[in-house]
Amino acid sequence: MTTLPIETGQKERRRPPSLGDMIVRHLVYSVGKDQAHAVTRDWCVALSLAIRDRMVDGWMTTTRRIYKSGQKRVYYLSMEFMIGRLLEDALSNMELTEEARAFFDERGLDLGEVLTSEPDPALGNGGLGRLAACFMDSMATVGVAGIGYGIRYEHGIFRQSFQDGWQLEEPEDWLVGGNAWEFERTEVVHPVNFGGYVSSDANGKPVWNPSERIMAAAFDTPIAGWKGQHVNTLRLWSARPAEVLNLSQFNQGDFVAAARQQIVAESITKVLYPGDHTPEGRELRLKQEVFFTSASLQDIVHRFLLNHENLEKLGDHVAIQLNDTHPAIAVPELVRLLEDVHGMDFRKAFDVARACLHYTNHTLLPEALERWPLELFERCLPRHMQIIRAIDDIATAEVLAAGKGIDPNVVRAIDPHYGGFVRMGNLAFIGSSHVNGVSALHTELMKKTVFKDLHTVYPDRILNQTNGITPRRWLLECNPRLSGLITETIGDGWVADLEQLKALEPYAEDAAFRERFRRVKADNKERLSVYVQEQLGVKLDPTALFDIQIKRIHEYKRQLLNILETMALYNAMKANPNGEWQPRVKIFAGKAAPSYTLAKLIIKLINDVADKINNDSALGDMLKVVFLPNYNVSSAEIIIPAADLSEQISTAGFEASGTGNMKFALNGALTIGTLDGANVEILEHVGEDNIYIFGMEAEEVAQLQSGGYQPWVRVGETPRLQDVVTQISSGFFSHGDTERFAGIVDNVLAHDYFLVAPDFDSYWSTQRWIDKDFRDQNVWQRKAVLNTANMGWFSADRTIRGYAKDIWNALP
Ligand code: 26V
């Protein structure tokens with residue numbers, strides 16, 4: 001079990017321990033179990049620690065190499081990292097999966113079970129957090145010296161279950177039972193201050209006298225790229241009180257007061273997205289943003305000073321990417337560190353900060369663009385407020401110098417109206433050298449809408465970097481059958497160079513290959529059917545068309561359009577039971593924000609419709625509807641490979657990019673979608689014959705939304721939709737309860753901001769066209785192969801190279 005000395009002639013050399021030796025050692029010495037008593041989770045921890053050991057060598061080599069070469073560092077600041085389970089990914093990237101499997105086979109244990117006993121760290125909500133995780137994988141694969149900075153939430157996104165069809169939220173507890181991947185860096189602790197007032201010193205320089213201090217403690221997770229050559233770090237911050245315990249209060253017997261500080265401090269990293277419907281919740285959210293951003297910037301400056309002296313050169317060696325506006329406080333905070341702590345002159349400090357910082361925008365939705373009330377900002381961050389005012393003066397001068405006739409007030413970070421707000425989007429824009437959108441369409445819309453005026457003043461600042469996904473997790477690992485077939489056909493070069501998938505294109509014409517491709521999909525659909533049966537007790541027919549929509553529940557994503565079409569299909573099937581219907585399974589999954597009432601009502605509607613349809617014996621297997629609970633990275637890995645049809649049906653102009661759309665198409669699903677986000681570019685790559693586009697385009701949407709749209713008239717002109725709306729109002733899907741879905745009926749008839757009615761008929765007829773194509777499996781599989789073959793461009797490796805070249809100037 002320990003390292004075995006082996007004879008090598010004269011010298012005695014130590015053979016590195018085998019993976020099996022390391023697993024057993026960790027089981028005994030780290031977990032404290034013997035093999036006879038170990039449970040699956042113990043093996044999982046032992047295996048994770050063994051793999052982590054193997055990663056550490058590469059990690060140290062990478063770190064030394066970066067120090068020596070002076071390679072430019074990239075810091076990715078993100079409030080969310082939706083990393084998912086790490087063990088399977090690490091095994092795969094380190095090419096140790098087969099060795100591990102053999103080890104467990106020998107003991108009659110199943111590697112798959114060991115892998116799924118790992119909790120899924122769900123430190124994010126949706127696309128933005130998952131993108132950050134894909135970028136970590138790709139930075140390590142491409143060889144960018146990248147460090148991710150974020151928050152080590154004690155509770156990630158809530159665990160979703162259904163009670164009578166309604167969403168229930170329960171706390172998630174991924175850290176119970178420990179986290180085998182992280183290293184706590186007890187020596188790395190940065191103070192983060194809040195509140196108080198600003199005075200001046202003898203020289204008239206501002207001095208911040210904060211009233212509260214929280215400590216940020218670092219936890220590092222190594223992130224190995226493909227083949228483990230380059231290993232980067234994800235550093236997550238956990239909040240600690242500045243004083244461990246107020247001993248005098250404790251000794252006075254006031255135990256609660258003594259513990260208070262700790263509770264208040266630790267609340268900062270307790271949960272992802274504290275409810276923001278109370279002032280306390282909003283303040284906590286602002287503090288989370290400041291907390292992780294300040295700690296990260298202090299860390300970055302500290303690292304820089306380890307081997308450089310002149311902070312004026314920071315921008316030559318460091319690029320800092322702001323993942324949405326959540327870390328936008330970085331603009332005044334970096335200025336503050338340079339000016340107040342390191343004595344740089346304000347104007348110089350701002351120029352240095354702007355040289356380092358870059359901002360990615362991920363949504364145009366007005367309600368999602370962060371604005372903080374001045375009162376709150378001033379109270380928590382009085383010094384930052386002064387700096388923001390000074391930055392606004394620079395912006396004003398630049399607006400006037402540009403001479404484009406723009407009113408400086410629309411550009412400044414501070415909006416003086418309605419009591420005053422800090423506009424974080426404007427702040428991030430002004431303080432960054434590059435601002436990027438996440439798909440071609442979204443970037444163009446940024447220029448025309450939210451950042452129109454800023455774009456006029458700074459015409460070279462906005463650029464596009466279309467999102468991507470890591471092919472390691474989203475094909476190699478989640479779809480072993482398909483990746484096996486691909487590797488057998490074109491070799492394994494695609495894993496690190498996804499555009500090699502193009503070599504599959506000729507095989508679309510090869511009937512034998514199409515049949516194997518179909519078989520792979522059929523097997524994945526069997527696997528998903530087993531999962532659905534376990535989760536919901538619903539039996540699916542795996543030969544039916546699997547039609548899948550999985551994503552956060554939001555009106556603009558239009559799960560409502562999908563379920564309304566499902567009801568209309570049900571009505572049509574009932575009206576003509578002997579018709580030649582293509583059997584379908586409609587699969588939904590996704591979480592609704594706890595305070596988003598309408599989104600939660602849509603979930604209830606889907607579950608009620610599912611209940612009605614699945615229990616209609618006259619229909620048999622013709623139509624089934626399921627809503628899988630607790631959608632996360634792990635369930636996505638089972639669902640995506642099993643899809644025939646991918647639903648990407650957002651109202652055009654509202655989905656910044658989408659990345660689920662890419663995962664499905666890469667795995668051979670066809671897309672039904674609007675010309676929105678990255679769907680537009682998927683269309684360009686897979687070709688119009690291999691994707692189903694329907695509905696209004698962004699410009700038509702904007703026009704209709706700007707006035708004159710009367711949804712009730714439109715519903716009246718759409719008979720299938722009219723019937724369904726009447727049924728919902730009459731309690732047809734709610735056991736006669738006519739009130740339950742009043743909110744939805746009212747939404748469709750009176751508001752319909754996201755234009756469900758105008759797109760309904762086009763969606764319906766596109767679905768019927770899909771039915772027809774699916775019935776001819778030759779036609780369908782040909783299109784499916786062409787999707788996989790042409791999705792190579794959507795690798796996050798390509799995206800990262802784009803950022804490295806166009807934004808960071810940090811090509812490896
Ligand atoms: C945030 C909020 C918060 C307030 C209530 C409504 C609302 C709606 C949307 C959001 C989105 C937050 C940002 C985000 O997750 N954007 C997603 O980023 C992905 C990666 O770039 C992209 O693929 C998705 O299209 C985009 O929605």
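Atoms within each ligand, like the ligands themselves, are counted from 1 in listed order. Quick caveat, the model's predicted, so the values are computed rather than measured.
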Can you tell me the protein heavy atom closest to [atom] and the distance?
atom                    : value
atom 8 (C) of ligand 1  : Leu365 CD1, 3.5 Å
atom 6 (C) of ligand 1  : His554 NE2, 3.7 Å
atom 14 (C) of ligand 1 : Leu128 CB, 3.8 Å
atom 24 (C) of ligand 1 : Glu655 OE1, 3.4 Å
atom 5 (C) of ligand 1  : Glu367 CG, 4.2 Å

Would you call Lys600-Glu169 a salt bridge at under 4.0 Å N-O?
->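 Yes, Lys600 and Glu169 are salt-bridged.
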For Ala656, counting its heavy atoms only, list the atoms of ligand 1 lying under 4.0 Å from any of them.
->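 In order of number, 25 (O).
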Which of the atoms of ligand 1 are close to Gly127, meaning less than 4.0 Å from one of its heavy atoms?
->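 Close to Gly127: 19 (C), 20 (C).
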Regarding ligand 1, does [X] bring an N or O atom to under 3.5 Å of one of the ligand's N or O atoms?
X      : result
His362 : yes
Asp324 : no
Ala368 : no
Thr363 : no
Asn467 : yes

Would you name the heavy atoms of Ser650 and Asp676 that are closest together and state the gap between them?
->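 Taking Ser650 first and Asp676 second, the nearest heavy atoms are OG-OD2, 2.6 Å.
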May I ask you to check whether Asn323 and Thr360 show a side-chain donor-acceptor distance below 3.5 Å?
->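 No, no side-chain donor-acceptor pair sits under 3.5 Å.
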Aromatic plane relationship, [Y] with [X] - under 30° parallel, 30 to 60° tilted, over 60° perpendicular:
X      : Y      : result
Phe135 : Tyr76  : perpendicular
His358 : His434 : tilted
Tyr556 : Phe754 : tilted
Phe429 : Tyr458 : tilted

Could you see which bit of [X] sits under 4.0 Å from ligand 1, with heavy atoms only: side chain, backbone, both or neither?
X      : answer
Val438 : side chain
Tyr556 : side chain
Arg130 : neither

More than 12 heavy atoms from other groups under 6.0 Å of CD on Gln703 |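 No - once you tally the heavy atoms of other residues, nucleotides and ligands closer than 6.0 Å, there are 12 at most.
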is_close_aromatic(His554, Tyr596), centroid dist under 6.0 Å |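 When the ring centroids of His554 and Tyr596 are compared, they turn out to be within the sub-6.0 Å range.
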Sole residue of Ile469, Asn467, Thr799 in side-chain contact (heavy atoms from CB on, under 4.5 Å) with Leu131 |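 The option that passes is Asn467.
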May I ask whether Gly658 has any heavy atom positioned less than 4.0 angstrom from an atom of ligand 1?
->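 For ligand 1, residue contact (heavy atoms, under 4.0 Å) with Gly658 is present.
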